[in-house]
Structures are given as C-alpha cells and as structure tokens.
Undergrad: 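Sending over a structure as structure tokens; questions will come in a sec.
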Amino acid sequence: MNRVFVCSCFGVTEEQVKRHADAGACTPRQIASACKAGTDCGGCVRRIQALLGRGSCPRRQLVDQGEQPLTAKVPEAA
C-alpha cells in the first residue's frame, strides 16, 4: 500500500484527511480536531487546505446554492 503522509508529526495520511472530510470536516481546524494533523509544526496546514478544496463540504455547497447552512440553535441568554 502506498501511503502519502500529509502530517508527518502525527503520521496522518492523505486518505485519512479525505475520510474526515467525507465525514463532514470542512476546515483544517476540524481536521485537527479529528486527528491532530496541523497542530504541531503547522507545516501541513496548506496541504490540508488543498485536500479540502472548494466545494468538498456539504454545508459550503448549500451556501453556494443560496440556502442557509445547517447550524445549531443557541438558546437566548436569560
């Protein structure tokens, strides 16, 4: 198996980043939360951004189509 590492600090592969993106991670910060990639030296953040690309996020696609993104409802302060 040919593994292409995106984050050598944590051994995160391109395939792992793509799987997290398919599961809903839309930003490098969300990828970092899922697998720590980009949280040490930061050298892989641009590569992660490139892998995510424009339009790979379902929420972003909704916005591009003029629809409201899915958001959580926050109760008003008392």
Side-chain angles (χ1 to χ4, degrees):
M1 177 195 287
N2 186 14
R3 291 185 181 179
V4 178
F5 286 95
V6 173
C7 176
S8 44
C9 294
F10 293 104
V12 179
T13 65
E14 204 172 88
E15 183 60 35
Q16 288 172 301
V17 171
K18 289 177 182 178
R19 276 188 282 160
H20 290 303
D22 289 344
C26 300
T27 65
R29 183 173 285 171
Q30 291 172 336
I31 295 292
S33 293
C35 63
K36 294 188 178 180
T39 61
D40 193 27
C41 77
C44 59
V45 174
R46 287 184 186 235
R47 179 70 182 135
I48 293 168
Q49 288 172 326
L51 287 171
L52 292 175
R54 179 109 176 112
S56 64
C57 178
R59 288 176 281 181
R60 189 174 294 144
Q61 288 174 356
L62 288 173
V63 172
D64 290 345
Q65 295 170 3
E67 297 180 32
Q68 290 294 322
L70 303 174
T71 56
K73 300 219 185 248
V74 179
E76 287 186 31

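Since we're looking at a predicted model, the values are computed, not measured. Numbers here are sequence positions counted from 1.
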Undergrad: For residues L52 and P28, report the shortest heavy-atom separation together with the two atoms involved.
TA: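 Heavy atoms only, the tightest pair is CD1-N, 3.6 Å.
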Undergrad: Over all heavy atoms of both residues, which pair between H20 and A34 is shortest? Give the atoms and the distance, please.
TA: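 Shortest heavy-atom contact: ND1-CB, 3.5 Å.
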Undergrad: Any chance you could measure E15, atom CD, to D22, atom CG, to the nearest 0.5 Å?
TA: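 Here the interatomic distance stands at 8.0 Å.
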Undergrad: Within this structure, what is the CD1-CD distance for the pair I31 and Q49, rounded to the nearest 0.5 Å?
TA: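 I31 CD1 to Q49 CD: 11.5 Å, rounded to 0.5 Å.
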Undergrad: For C44 and C7, work out which heavy atoms get closest and say how close.
TA: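 Smallest heavy-atom distance, with atoms named: SG-CB, 3.7 Å.
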Undergrad: Hey, quick one: are F5 and F10 part of the same hydrophobic cluster, counting side-chain heavy atoms closer than 4.5 Å, chains of contacts allowed?
TA: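 No, because F5 and F10 fall into different hydrophobic clusters, even though each may have its own neighbours under 4.5 Å.
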Undergrad: So do E14 and L51 actually touch side chain to side chain, heavy atoms under 4.5 Å?
TA: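 Side-chain contact under 4.5 Å: yes.
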Undergrad: What closest approach, in Å, do G11 and Q16 show between heavy atoms, and which atom pair accounts for it?
TA: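 Between these two residues, the closest heavy atoms are O-OE1, 3.5 Å.
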